[in-house]
There are 2 protein chains.
Amino acid sequence: MTQGVGDLDLSVGYALKQAAVALRTAMDAGLRPLGLSVSQYSCLELLGQRPGLSAAELARGTFVTRQSMHAVLLGLEERGLLERAAAAPQGRALPTQLTQAGREILAQASGIVAAVEGRMTAALSAAEKRRLLADLAGCVAALSGDREE
Amino acid sequence: MTQGVGDLDLSVGYALKQAAVALRTAMDAGLRPLGLSVSQYSCLELLGQRPGLSAAELARGTFVTRQSMHAVLLGLEERGLLERAAAAPQGRALPTQLTQAGREILAQASGIVAAVEGRMTAALSAAEKRRLLADLAGCVAALSGDREE
DNA sequence: TGCGTCATGTCAGCATCCTGACATAGTGTG
DNA sequence: CACACTATGTCAGGATGCTGACATGACGCA
């Protein structure tokens, strides 16, 4: 046993990586006119949907480390797209909110990204989309949670 | 119009990114004992299945740029895991091949990665796996090929 | 033959993201 | 109260990947 990976064309992992790269590339190209990176957009989008999140919460929501999110936040704050509380109202977490400029650029970016995602899933019916979502969620759960058995 | 992305939990792109990150993290953890990064493993795996590929072909096969692959090849060559032809037998492409040491470490790495992928897709039947593969391939095709009609 | 185009290898610079580490604030436990 | 533990923000260093650029070799076309 201890068989290898086998034909790459039959590997879910290979296809997953390919799809993720294709999506990231398409988003990057679409967002470039706005001067936003995918990471910056992800941060804005999450913050737009859930105002007041802290840096650590934003990091978990965008699947990066606190340190990476910290750098992203510094850039966005310098551009005036978001504001961070100067002092922590509780604990050490500093709540973050979009500024008016941030909301405006997010609206544009969100439309662009929605178009990209729409193009990506155009060939899928609503039911197929839900199925794909469920499959991906299952893969995530299988990888992150259970450690042996 | 120009609606935004909407609820992230219903976004295929969000789930795709999450799954890709989870897979990469799991592979990274599994390969760390061997001293291999995911990029290095990807290169070795592709080279093992298709010996003699050039750097540019390896780059396309692992979804990175030629420049990134160049750096990966330098590291693997220095470790004695692969050999590159000194001169180009045709054109400028330098064919690359695994050394014996490369084949040995690839065998171990491939087993580890296969186990990770197996864990990821354990909940899926063979038919569901094919369906997921087809869906992902469809997403890639929809994003990469057609530029407006 | 000469020229334009393309693919490849390579160098330089920049952005992103990671691990490791440290200080601080809250919480639980003896 | 003292101590351990966790969560958060932040700094430092290194690894990785990208864009831009340049030179070289192969090919097609006039």
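Quick caveat: nothing in here was measured; it's all calculated off a predicted structure. The basis for the numbers below is simple: all heavy atoms, side chains too, and nothing from hydrogens, waters or symmetry mates.
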May I have the list of side-chain donor-acceptor pairs in residues 25-34 of chain B shorter than 3.5 Å, sequence neighbours left out?
unit_1	atom_1	unit_2	atom_2	d
T25(B)	OG1	V21(B)	O	2.8
D28(B)	OD2	R32(B)	NH2	2.6

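- Shown here are the side-chain hydrogen bond (donor to acceptor under 3.5 Å, both in side chains) partners of S11(B), two or more places apart in sequence or in another chain: E117(A).
- Every pair tested for ring-ring contact (aromatic ring centres under 6.0 Å, His included) that includes a residue from residues 82-101 of chain A fails, sequence neighbours excluded, so the list is empty.
- Other residues, nucleotides and ligands contribute more than 12 heavy atoms inside 6.0 Å of the CD atom of Q100(B).
- Nucleotide dT8(D) holds its C1' atom 13 Å from the CG atom of L58(A), rounded to whole Å.
- Separating the CG atom of L73(A) from the C1' atom of dG9(D) is a distance of 11 Å, rounded to the nearest angstrom.
- dG9(D) atom C1' lies 16 Å from atom CD of Q90(A), rounded to whole Å.
- Between L76(A) atom CG and dA15(C) atom P there is a gap of 14 Å when expressed in whole angstrom units.
- For residues 127-138 of chain B, every residue pair satisfying the salt bridge (charged side-chain N to carboxylate O under 4.0 Å, His left out) rule, not counting sequence neighbours, is listed here: R131(A)-D135(B), D135(A)-R131(B).
- Rounded to an integer number of Å, the gap from CE of M27(B) to C1' of dC18(C) is 17 Å.
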Only pairs under 3.5 Å count here: list side-chain donor-acceptor contacts from residues 53-63 of chain A, not counting sequence neighbours, and write none if there are none.
unit_1	atom_1	unit_2	atom_2	d
S54(A)	OG	E57(A)	N	3.3
S54(A)	OG	E57(A)	OE1	3.2
E57(A)	OE1	S54(A)	N	2.8
T62(A)	OG1	L58(A)	O	2.9
T62(A)	OG1	A59(A)	O	3.4

Annotated protein contacts, base or backbone, on nucleotides 10-18 of chain D with a non-hydrogen cut-off under 4.0 Å, one of B, S, - each: BB----SBB
